[in-house]
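Order of the sequence lines sets the chain letters (A, B, ...), proteins ahead of strands, with each chain counted from 1.
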4 protein chains.
Amino acid sequence: MGSPARPRLRRKEARPGELLSAALDTFREKGFAATRMDDIAARAGVSKGTIYLYYPSKEAVFEAMVRANLLPNIERMEAAIADEERSSADRLRLLVTAFGEIAGDARLVAVPKLVLAEAGNFPEMARFYRHEVIGRALSLVSGVLEAGMAHGEFRRLDAALTARLFLAPVIVAALWQTTFVPVEDAPVPPADLLRLHLDLFLRSIAADASGGAP
Amino acid sequence: MGSPARPRLRRKEARPGELLSAALDTFREKGFAATRMDDIAARAGVSKGTIYLYYPSKEAVFEAMVRANLLPNIERMEAAIADEERSSADRLRLLVTAFGEIAGDARLVAVPKLVLAEAGNFPEMARFYRHEVIGRALSLVSGVLEAGMAHGEFRRLDAALTARLFLAPVIVAALWQTTFVPVEDAPVPPADLLRLHLDLFLRSIAADASGGAP
Amino acid sequence: MGSPARPRLRRKEARPGELLSAALDTFREKGFAATRMDDIAARAGVSKGTIYLYYPSKEAVFEAMVRANLLPNIERMEAAIADEERSSADRLRLLVTAFGEIAGDARLVAVPKLVLAEAGNFPEMARFYRHEVIGRALSLVSGVLEAGMAHGEFRRLDAALTARLFLAPVIVAALWQTTFVPVEDAPVPPADLLRLHLDLFLRSIAADASGGAP
Amino acid sequence: MGSPARPRLRRKEARPGELLSAALDTFREKGFAATRMDDIAARAGVSKGTIYLYYPSKEAVFEAMVRANLLPNIERMEAAIADEERSSADRLRLLVTAFGEIAGDARLVAVPKLVLAEAGNFPEMARFYRHEVIGRALSLVSGVLEAGMAHGEFRRLDAALTARLFLAPVIVAALWQTTFVPVEDAPVPPADLLRLHLDLFLRSIAADASGGAP
DNA sequence: AATGAATGAGTGTTCATTCAT
DNA sequence: CATGAATGAACACTCATTCAT
């Protein structure tokens with residue numbers, strides 16, 4: 001109750017974060033082009049000019065916003081398999097769960113979707129995303145797969161390709177959430193889908209089921 | 001005098017198609033917002049005003065373009081399993097091949113990607129696409145799956161979920177092509193990916209592993 | 001009464017001229033920076049967007065306007081001494097009269113004044129003006145001077161410097177008109193000034209005073 | 001405690017002068033409109049807000065800057081003919097030299113040029129300049145001319161008009177320096193021009209050359 | 001006195017849409 | 001049918017000015 005509303009001059013350090021958060025929400029509602037700087041400013045509770053104190057252009061805001069949301073994505077992924085004790089199959093299970101959580105976080109998933117949509121107009125950003133997010137996720141998965149193959153848990157397969165197949169349903173589920181759910185009659189629970197995926201996937205890569213090759 | 005070719009008015013019936021073709025190419029290069037009516041007109045070789053003789057707005061052009069590209073997608077899919085003689089596994093193989101061809105056709109794949117990108121701004125179109133393209137594809141696949149289950153070829157699984165898992169790598173491959181390939185160092189051949197997918201998928205749904213091998 | 005006002009679509013060919021005329025008047029009232037595109041458009045009786053059909057930017061309008069007003073300046077000057085019959089002194093007299101007329105035309109004089117004011121921001125334009133207008137005027141005058149020297153009418157002097165001295169009062173009179181007259185208590189008639197200038201100037205360059213007097 | 005140097009506030013009395021000096025340099029580089037308060041502040045080594053402690057607006061800064069540069073102009077001029085002993089011709093010679101020096105001082109000459117350029121937007125300032133600088137210079141010259149006429153050194157002429165003719169080459173030389181020199185191929189040395197000017201001018205106003213009036 | 005973060009009115013430019021020809 | 005000149009609403013970005021600290 002001491003000082004409820006201060007009109008001017010707030011913490012300069014917190015500003016960029018607030019702006020990018022507002023930017024994310026606005027971009028994800030309207031897309032890049034349909035978002036006006038005024039929208040972002042209003043949502044962040046500042047004036048339009050203030051944005052330009054921190055970012056030189058709308059594109060710069062977009063890029064900074066994407067970049068700021070890369071790290072959480074990556075960290076959550078990598079944290080997901082930090083546990084070294086488990087079997088490779090268990091680690092894949094953990095990964096599916098972790099990715100499933102990410103895929104269920106609408107704000108987080110909006111970022112790759114925006115990257116997808118704007119890749120043509122922001123090639124540099126697409127490259128960055130490709131390498132720093134997707135590339136790392138693929139490495140993560142193929143690392144687990146290769147370990148599993150080495151241990152004899154999994155069949156010998158092309159790890160790079162298989163990693164892609166492992167991730168595909170997660171990616172589709174994520175995009176699905178942000179694209180068709182508001183329009184869907186009978187949404188499929190992503191958890192069910194991913195549980196089945198894990199089951200089928202493990203079965204398909206399992207080292208020769210009954211006793212191996214004769 | 002009865003000759004068909006008239007110098008002034010080029011086939012007026014062909015106009016809408018030419019416009020939509022030009023629209024598709026422009027939208028896929030720049031996205032919806034960054035495409036100017038002038039761009040489309042120039043590419044179609046007409047004046048800007050002419051577009052408005054056929055479509056009342058830029059949004060209408062976009063929607064018509066999407067709609068016009070629904071049918072080819074659907075038809076190619078449905079043609080892919082017209083052959084009733086084959087086993088369910090063979091029909092899935094055919095489907096993967098067909099989808100793989102679609103996914104390799106950059107112009108065709110651009111359409112779902114645009115729908116994805118603009119779903120927030122064109123909810124009606126998203127709904128339409130969800131039902132008329134994706135819905136049909138899912139039905140197609142789950143039909144085959146159910147037949148295979150009924151015949152004992154496949155295990156009993158939730159056909160709706162499994163159909164999604166069947167399609168996921170195809171979708172991801174398609175999006176990948178249009179998004180990251182211009183930015184990719186070492187592109188993965190989609191055909192390799194889909195071949196492996198089919199292999200793993202069939203293995204994972206095969207009825208009772210023990211007796212499954214022919 | 002047949003068709004008093006046509007709202008749209010007028011002669012495309014006349015437009016650039018109308019626009020530049022409106023631009024000149026607005027620039028001369030407010031200067032380059034304080035002139036808004038809306039001002040020019042309103043004065044030309046078109047909408048702001050129309051200007052951009054003909055010129056890509058405000059700077060381009062400015063440059064085109066300056067360029068369009070070069071020719072009249074130059075032509076009036078050069079026409080002024082087309083007559084080959086006269087003595088060099090008479091030709092200088094004609095030049096002073098001609099320059100005096102130009103200097104009295106407020107719209108015409110506004111152009112060099114704007115060039116002067118914006119020379120720092122439009123160096124290319126300054127260079128152009130220096131060469132194509134001022135340079136030609138100087139050549140004109142020094143040509144007459146050299147002819148007069150060759151004929152023995154004038155003393156031997158540095159023609160380039162002397163030409164500058166001949167033009168200086170004309171230039172000052174011109175700038176004076178556009179700068180201080182709206183602020184002046186007792187304006188000096190430029191004609192009186194230039195008449196005296198001619199008298200003093202001819203006297204100062206006359207060949208040998210002794211025989212020069214009639 | 002009585003020591004003059006205080007670390008925090010640098011001589012607060014010197015501030016306005018420093019600001020105006022920075023303002024002059026910035027205005028003369030970019031003109032009034034294109035100069036930003038930030039530019040001036042940066043050049044003066046203070047923050048933007050500080051300027052507003054001394055001047056209420058950008059226009060006020062401009063006007064103060066012009067006003068602050070009046071005095072040096074005037075004083076140098078008036079000092080130039082303080083010497084009462086000399087002949088009128090010598091005093092004109094001194095004036096030309098003095099004016100020539102002023103005209104060669106790019107910073108000083110920038111001021112009248114800015115006044116010229118902004119006269120339309122700052123009429124009050126134009127009036128002030130007209131009276132306090134130009135008016136005094138004209139009085140100075142016409143005073144000398146009248147004295148010379150009274151002494152029989154010079155012919156009887158309209159002193160007001162003749163004074164203008166005396167100053168015109170100086171003014172043109174000054175403007176030339178600030179406008180076209182950065183753009184010039186072969187600059188004319190102002191000293192040469194003014195020397196010739198003085199020579200011709202004195203000759204043109206000299207009391208009747210051979211024997212004078214009968 | 002000095003700062004510099006914040007403001008918001010102002011303006012150049014774009015572009016979907018209209019319509020006289 | 002077709003054109004393309006014209007429109008005007010919309011928006012990104014700027015910058016003089018304010019004011020809490």
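Using a cutoff of 4.0 Å between basic side-chain nitrogens and carboxylate oxygens, B/E18 and B/R43 are not scored as salt-bridged.
The distance from atom CD1 of A/I51 to atom P of E/dG8 is 13 Å, rounded to the nearest whole Å. Note: CG (D/L53) to P (E/dG4) measures 13 Å, nearest angstrom. When rounded to the nearest whole Å, the span between CG of D/L19 and C1' of E/dA2 equals 12 Å. Atom OH of C/Y55 is separated from atom C1' of F/dA5 by 15 Å (rounded to the nearest Å).
Residues forming a salt bridge (charged side-chain N to carboxylate O under 4.0 Å, His left out) with D/E59 (at least two apart in sequence, or on another chain): none. In this structure, the salt bridge (charged side-chain N to carboxylate O under 4.0 Å, His left out) partners of D/K48, at least two apart in sequence or on a different chain, are D/D38. By the salt bridge (charged side-chain N to carboxylate O under 4.0 Å, His left out) test, C/R127 is found to be paired with C/E124, residues two or more places apart in sequence or in another chain being considered. When the salt bridge (charged side-chain N to carboxylate O under 4.0 Å, His left out) test is applied to A/R107, the partners found at least two apart in sequence or on another chain are A/D25. Qualifying side-chain hydrogen bond (donor to acceptor under 3.5 Å, both in side chains) partners for B/K113, counting only residues two or more places apart in sequence or in other chains: B/T179. Taking the ring-ring contact (aromatic ring centres under 6.0 Å, His included) definition, one finds that A/F27 meets it with A/F32, A/F62, sequence neighbours left out. Residues satisfying the side-chain hydrogen bond (donor to acceptor under 3.5 Å, both in side chains) criterion with D/S47, sequence neighbours excluded, are D/T50.
You'll find that the side chain of C/Y54 is closest to F/dA5, out of F/dC1, F/dA5, E/dT7.
Stem regions annotated for DNA chain F: E:2-21 with F:2-21, counting only runs of 3 or more consecutive pairs of Watson-Crick or G-U type with both contacts under 3.5 Å.
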Name every donor-acceptor pair, under 3.5 Å, that has one atom in a side chain of residues 115-123 of chain B and the other anywhere in the protein, sequence neighbours excluded.
from, atom 1, to, atom 2, distance (Å)
B/E118, OE1, B/N121, ND2, 3.2
B/N121, ND2, A/K30, O, 3.3

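Pairs of residues two or more places apart, or lying in two chains, never qualify as side chain to side chain donor-acceptor pair (under 3.5 Å) while including a residue from residues 61-72 of chain C.
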### Message
Strictly under 4.0 angstrom, non-hydrogen atoms only: write out the protein contact profile of nucleotides 10-15 of chain E, one letter per nucleotide from the 5' end, B, S or -.
### Response
BSBBBS

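Taken to the nearest 0.5 Å, the CE atom of D/M125 stands 14.0 Å off from the CD atom of D/E132.
Between C/T50 and the phosphate of F/dA6, there is no side-chain N or O to OP1/OP2 separation shorter than 4.0 Å.
Contacts between residues 20-29 of chain B and DNA chain E, defined by a heavy-atom separation under 4.0 Å, are absent.
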